[in-house]
Amino acid sequence: MKILLIEDEARIFDFVQQGLQEAGFLVQLAQDGPSGLAAMLQGDADLVLLDGLLPGMDGFEVLRRARQQQVLTPVIVLSARADLPDRLRGFELGADDYLPKPFFTEELIARIRAVLARRHREEPEDWSSAGLTLNRVSRKAQWHATSVVLSQREFSLLGYLMRSPGHIFSRKQILQQVWDIDFDPQTNVVDVCIQRIRKKLSDSSSLPESFPIESIRGVGYRMRANQA
Ligand code: CA
């Protein structure tokens, strides 16, 4: 599980980062509003911890812009401004929870787990886009007349792309998310895995070029969104 921490105070990000790492989370840090927003738009964190007061752009504005761009990642707002109007504003903008400073790491971690568990329960059992359906319980994928159970790796990769149709993910992001590889090992495992999924789901009745995972040359892959 990867947590994006958007926080500018070293004293706070140091202890939060340490606590989260000890609890087994991967932590990515952004120290101002614009770089925090950019990281949210990358879309590869499982949850975002967002400070309210940030240099460059405040946390509420970061949240508003991210939600406007269809970033659905759960967000917990951390803020010293714990009075009611601020809390309500956070929820109105799409925050999933709110934790006033100062807080204990234990409580933060408990809230992260609760938000992630709730999100998991609320997610539909089937992801579906551009004619392709993936069941997240059985790992069964269906396209046209072909239905097949994917391997865990194929499932993680396809699920990652399908949760954000239309969004282009780089090979590096995919390696990080699906293989947990944090560097560029000059490997083609991503391409090989995509080919395997495509092959498993294609039969004589389906045109290969209509398969909804698109290769974006020199960049990566994206799941085609439904036609409007
Ligand atoms: Ca701050």
Side-chain angles (χ1 to χ4, degrees), residues 1-123 160 163-164 167-170 172-177 180-183:
M1 283 288 173
K2 184 166 163 188
I3 310 280
L4 169 62
L5 172 60
I6 309 176
E7 168 65 70
D8 60 311
E9 272 170 84
R11 174 176 68 82
I12 295 175
F13 65 66
D14 275 346
F15 95 82
V16 169
Q17 203 162 15
Q18 194 188 341
L20 292 177
Q21 281 166 350
E22 279 166 11
F25 294 102
L26 284 172
V27 184
Q28 179 189 358
L29 177 66
Q31 297 183 46
D32 59 60
S35 63
L37 177 62
M40 279 185 83
L41 294 179
Q42 288 238 317
D44 59 355
D46 296 289
L47 183 140
V48 178
L49 297 174
L50 178 61
D51 180 27
L53 282 172
L54 289 165
M57 184 192 301
D58 83 16
F60 294 103
E61 184 59 18
V62 170
L63 181 58
R64 193 185 65 76
R65 292 198 194 186
R67 292 297 189 233
Q68 195 178 33
Q69 302 217 29
Q70 308 305 316
V71 174
L72 302 176
T73 317
V75 171
I76 300 178
V77 172
L78 309 173
S79 181
R81 299 192 295 176
D83 47 293
L84 188 63
D86 266 345
R87 282 211 300 267
L88 294 180
R89 190 166 159 228
F91 285 119
E92 249 167 53
L93 292 172
D96 294 82
D97 201 357
Y98 193 105
L99 188 57
K101 291 175 183 173
F103 51 81
F104 290 102
T105 323
E106 289 83 351
E107 181 177 5
L108 176 63
I109 289 167
R111 281 176 187 264
I112 289 172
R113 296 220 159 101
V115 166
L116 287 173
R118 192 164 74 217
R119 185 55 73 98
H120 193 70
R121 280 196 302 276
E122 283 167 359
E123 263 189 78
Y160 182 50
R163 265 178 288 176
S164 310
H167 187 99
I168 300 171
F169 293 98
S170 67
K172 192 169 167 227
Q173 284 177 302
I174 296 171
L175 278 173
Q176 208 168 50
Q177 180 74 24
D180 230 356
I181 295 176
D182 233 339
F183 54 97

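Numbering of ligands and ligand atoms starts at 1, following listing order.
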[X] with [Y]: basic N within carboxylate O range, under 4.0 Å:
X	Y	answer
Lys101	Asp51	yes
Arg67	Asp96	yes
Arg89	Glu92	no

Worksheet item: What residue among Val48, Leu50, Leu49 forms side-chain contact (heavy atoms from CB on, under 4.5 Å) with Leu4?
Response: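 Exactly one option meets the side-chain contact (heavy atoms from CB on, under 4.5 Å) with Leu4, and it is Val48.
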Item to complete: Please identify each residue that fulfils side-chain contact (heavy atoms from CB on, under 4.5 Å) with Leu41, with sequence neighbours left out.
Response: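 Per chain and number, Leu41 pairs via side-chain contact (heavy atoms from CB on, under 4.5 Å) with Leu37, Gln69, Val71.
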Practice prompt. Quick one: name the protein N/O/S atoms under 3.0 Å from the Ca ion (ligand 1), chain by chain.
Written response: Asp8 OD1, Asp51 OD2, Leu53 O
Discussion item. Counting only heavy atoms from other residues, nucleotides and ligands, does the tally under 6.0 Å from NZ of Lys172 exceed 12?
Written reply: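 Result for NZ/Lys172: open.
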